[in-house]
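A note on names: the letters A, B, ... follow the listed sequences, proteins ahead of strands, and every chain is numbered from 1. Quick caveat: nothing in here was measured; it's all calculated off a predicted structure. Quick note: numbers below take in every heavy atom, side chains included, and nothing from hydrogens, waters or symmetry partners.
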Amino acid sequence: MPKTLIIITGPTGIGKTATGIRLANHLQTEIVSADSRQIFKELSIGTAVPTNEELELVKHHFIHSHSIHDNYNASRFETEGLRLLDCLFSKYNQVVMVGGSMLYIDAICNGIDSMPDADPEIRQSLKKQVETNGIESLRLQLKQLDPVYYNSVDLKNPARIIHALEMCLMTGKPYSTFRSNTKKERPFRILKIALNCDRDKLHNRINLRVDKMVEAGLENEAHNFYSLRNLNALNTVGYREFFSYFDGEIPRNKAIELIKRNSRRYARKQLTWFRKDAEVHWFEPNQTNEIIEFVESQIKS
RNA sequence: GGGAAGAUACCGAAGCGGUCAAACGGGGCAGACUGUAAAUCUGUUGGCUCAGCCUUCGUAGGUUCGAAUCCUGCUCUUCCCA
């Protein structure tokens with residue numbers, strides 16, 4: 001029987017966790033999380049990790065498995081994820097991957113070109129350069145070091161330019177030479193399922209979930225990490241807004257409102273990403289039975 | 001009961017006779033994306049048979065070649081005096 005990775009994805013708050021657990025339970029297999037924030041052991045409320053009860057139903061991987069102090073990224077997820085999948089596929093014919101981190105899922109499905117980790121000091125100095133001299137100075141530098149990438153990159157996006165420059169400066173080679181633009185082959189089949197529903201309903205779910213997080217003590221959780229706010233792991237919806245509140249920049253109710261808005265925006269962005277993936281099969285969150293049926297029919301063929 | 005200010009697109013808010021389908025902000029929607037991705041960035045936001053046309057600036061009239069902008073009545077809101 002061919003090995004199949006079944007991916008359950010979709011926008012934040014749509015109900016991936018519950019669906020994934022039911023599917024994994026049905027298939028008698030385990031779940032690999034593809035969530036760039038639930039992976040951090042220090043974060044719980046703001047990331048909406050599965051509850052202890054849920055975690056007892058099915059064995060989960062990459063939940064609370066790393067530290068916010070780790071310099072985690074999509075490439076590491078690819079490496080560690082594939083290693084784990086290799087191991088799991090020796091026990092199961094199907095494995096369920098659940099999560100909404102688009103790039104992480106993409107890294108597992110298609111791969112990320114190999115290149116070195118960014119040097120934090122170089123990144124820091126490039127960031128400073130943008131602040132003091134503006135993005136134009138980085139553009140000029142990129143034009144010299146990597147004219148190929150310069151012609152295709154979004155020149156208004158500092159993050160893109162900074163990363164390209166990091167690679168150029170660290171390796172002495174143009175960033176574009178690392179970009180192969182090839183899809184890697186995987187030793188398993190991939191079945192992509194995404195959940196979505198009416199936009200108003202989704203927004204309601206998100207708003208409600210944020211209220212529940214706040215009730216559950218999100219403010220306190222965020223407060224615990226206030227001093228670590230500069231960590232990338234904490235540049236996260238739910239925490240950054242509370243940090244602004246702690247700074248006295250915005251009132252508390254405004255922070256909560258912003259968490260809702262930014263969650264809605266994140267959901268939309270996720271949908272934009274998944275929509276362009278023709279391999280995705282779409283379902284409503286309450287169609288778990290249909291999903292199980294669909295998966296059954298697919299893994300038999 | 002008397003007086004003052006105001007009613008602008010999904011919301012807030014500019015505009016104060018033509019260059020206004022209407023600045024700006026918010027929200028929404030759409031898109032980009034390969035080591036920060038819950039990140040970072042972009043576009044769009046009255047309708048249509050879309051280089052043009054149609055309907056919009058509380059409402060009904062009026063002035064004017066021409067009004068969101070001026071005048072009058074009405075409705076509503078806020079504030080002040082009784």
Side-chain angles (χ1 to χ4, degrees), chain A residues 9-13 16 33-40 43 45-49 68 70-81 99-120 122-124 126-127 130 135 138-139 149 152-167 170-171 175-184 199-200 202-203 206-207 209-210 213 218 222 230-242 250 254 257-277:
Chain A
T9 188
T12 186
K16 301 183 286 293
S33 167
D35 189 301
S36 70
R37 303 295 134 136
Q38 290 180 359
I39 202 168
F40 297 121
L43 310 180
I45 298 171
T47 57
V49 280
I68 55 174
D70 290 351
N71 190 17
Y72 210 74
N73 58 50
S75 179
R76 275 188 65 180
F77 185 73
E78 178 188 1
T79 309
E80 294 175 10
S101 296
M102 306 89 83
L103 190 63
Y104 281 32
I105 291 171
D106 191 63
I108 293 293
C109 296
N110 303 318
I112 282 187
D113 292 320
S114 86
M115 59 187 81
D117 277 335
D119 180 326
I122 293 182
R123 173 165 296 183
Q124 203 44 45
L126 287 170
K127 272 187 180 172
V130 180
I135 194 168
L138 292 191
R139 280 191 204 130
Y149 189 62
S152 64
V153 71
D154 173 3
L155 290 169
K156 289 180 179 169
N157 191 331
R160 292 274 134 64
I161 298 181
I162 286 175
H163 184 240
L165 282 175
E166 284 167 352
M167 292 301 119
M170 285 172 63
T171 65
Y175 172 60
S176 54
T177 60
F178 291 99
R179 291 159 58 87
S180 68
N181 238 327
T182 54
K183 185 177 165 164
K184 290 184 194 163
R199 192 60 62 94
D200 285 344
L202 177 63
H203 284 179
I206 289 171
N207 294 160
R209 190 163 84 153
V210 171
M213 284 179 182
L218 178 58
N230 56 323
L231 291 177
N232 181 53
L234 289 162
N235 187 189
T236 298
V237 176
Y239 299 93
R240 55 208 285 216
E241 294 83 358
F242 264 116
I250 52 173
K254 178 72 178 172
E257 206 177 288
L258 285 176
I259 293 172
K260 290 176 182 173
R261 184 199 68 182
N262 291 335
S263 297
R264 293 194 295 268
R265 286 181 172 177
Y266 174 50
R268 179 158 48 73
K269 203 171 56 177
Q270 288 173 302
L271 286 167
T272 298
W273 181 288
F274 301 136
R275 253 195 307 257
K276 74 174 177 186
D277 186 342

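- Taking atom P on both U59(B) and A9(B), the two are 10 Å apart, rounded to the nearest angstrom.
- Of all heavy-atom pairs spanning Pro116(A) and Thr171(A), the tightest one is CG-CG2, 3.7 Å.
- What you find for Ala233(A) and Phe40(A) is that their closest heavy atoms are CB-CE1, 3.4 Å.
- Contact between the side-chain N/O atoms of Thr272(A) and the OP1/OP2 oxygens of A30(B) is not found at any separation under 4.0 Å.
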Task: Per-nucleotide pairing state of RNA chain B [Watson-Crick or G-U, under 3.5 Å; [ ] pseudoknot-crossing; | other strand] - done: ((((((((.[[[..)..(.....]]]((((((.......))))))(((...)))...[[[[[..)....]]]]]))))))).
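- For the OP1/OP2 pair of U34(B) and a distance below 4.0 Å, the side-chain nitrogens and oxygens of Arg160(A) include at least one atom meeting the criterion.
- Summarising the geometry, the separation between CD1 on Ile108(A) and P on A37(B) is reported as 14 Å, rounded to the nearest angstrom.
- With P as the reference atom, U69(B) and A60(B) are 13 Å apart, rounded to whole Å.
- Across the C1' atoms, U19(B) and A67(B) are found 15 Å apart, a figure rounded to whole Å.
- OP1 or OP2 of C41(B) has not a single side-chain nitrogen or oxygen of His163(A) nearer than 4.0 Å.
- Across all strands, Phe40(A) comes closer than 4.0 Å to no nucleic acid atom at all (heavy-atom distances).
- Residue Met115(A) contributes atom CE, which lies 10 Å from atom P of U36(B) at whole-angstrom precision.
- U45(B) and A22(B): their C1' atoms are spaced 14 Å apart (whole Å).
- When the C1' atom is compared between A21(B) and U56(B), the two are found 8 Å apart, to the nearest whole Å.
- Of the candidates G43(B), U40(B), U34(B), U40(B) carries the atom nearest the Ala159(A) side chain, counting heavy atoms from C-beta on.
- Across all strands, Ser114(A) comes closer than 4.0 Å to base atoms (heavy-atom distances).
- Between the C1' atom of G28(B) and the CG atom of Leu202(A) lies a distance of 13 Å, rounded to the nearest Å.
- Where Asn232(A) and Val237(A) each meet RNA chain B at their nearest nucleotide, the meeting point lying more 5' is that of Asn232(A).
- Between His203(A) and Asn181(A), it is His203(A) whose nearest contact on RNA chain B lies nearer the 5' terminus.
- Rounded to whole Å, atom P of U34(B) lies 9 Å from atom CD1 of Ile112(A).
- Across all strands, Asn110(A) comes closer than 4.0 Å to no nucleic acid atom at all (heavy-atom distances).
- A68(B) and C79(B) have their P atoms separated by 31 Å, with the value rounded to a whole Å.
- Scanning all heavy atoms of the two residues, the minimum distance from Cys109(A) to Lys183(A) falls at O-CE, 4.4 Å.
- Considering all non-hydrogen atoms of both residues, Gly100(A) and Thr9(A) come closest at CA-OG1, 3.7 Å.
- Note: CZ (Arg268(A)) to C1' (U45(B)) measures 12 Å, nearest angstrom.
- Rounded to a whole angstrom, the distance from the C1' atom of G18(B) to that of C10(B) is 29 Å.
- Note: Tyr149(A) and Tyr175(A) have perpendicular aromatic rings, judged against thresholds of 30 and 60 degrees for the angle between ring planes.
- Between the CD atom of Gln270(A) and the P atom of U40(B) there is a distance of 15 Å, given to the nearest Å.
- Nearest approach of Thr12(A) to Leu202(A), heavy atoms of both residues: O-CD1, 3.8 Å.
- Among the protein residues, Gly238(A) comes within range of no part of the nucleic acid, since none of its heavy atoms lies under 4.0 Å from any strand.
- Nucleic acid contact for Asp106(A): none, since no nucleic acid atom lies under 4.0 Å from a heavy atom of the residue.
- Arg240(A) comes within 4.0 angstrom of the backbone, heavy atoms only, and of no base.
- Summarising the geometry, the separation between NZ on Lys269(A) and C1' on U40(B) is reported as 8 Å, rounded to the nearest angstrom.
- Here Ser101(A) lies in heavy-atom contact (under 4.0 Å) with sugar-phosphate atoms only.
- Among all heavy-atom pairs drawn from Gln38(A) and Thr47(A), the shortest one is NE2-O, 3.0 Å.
- One C1' atom belongs to G15(B), the other to G47(B), and the distance between them is 23 Å to the nearest Å.
- At a threshold of 4.0 angstrom between heavy atoms, the contacts of Asn235(A) are confined to the sugar-phosphate backbone, with no base atom among them.
- Atom CE in Met102(A) sits roughly 12 Å away from atom P in G31(B) (whole-Å rounding).
- Contact annotation: Arg199(A) does not reach the phosphate of G28(B) (side-chain N/O to OP1 or OP2, under 4.0 Å).
- OP1 or OP2 of A37(B) lies within a sub-4.0 Å distance of a side-chain N or O belonging to Arg37(A).
- Within 4.0 Å of Tyr239(A), counting heavy atoms only, lies no atom of the nucleic acid at all.
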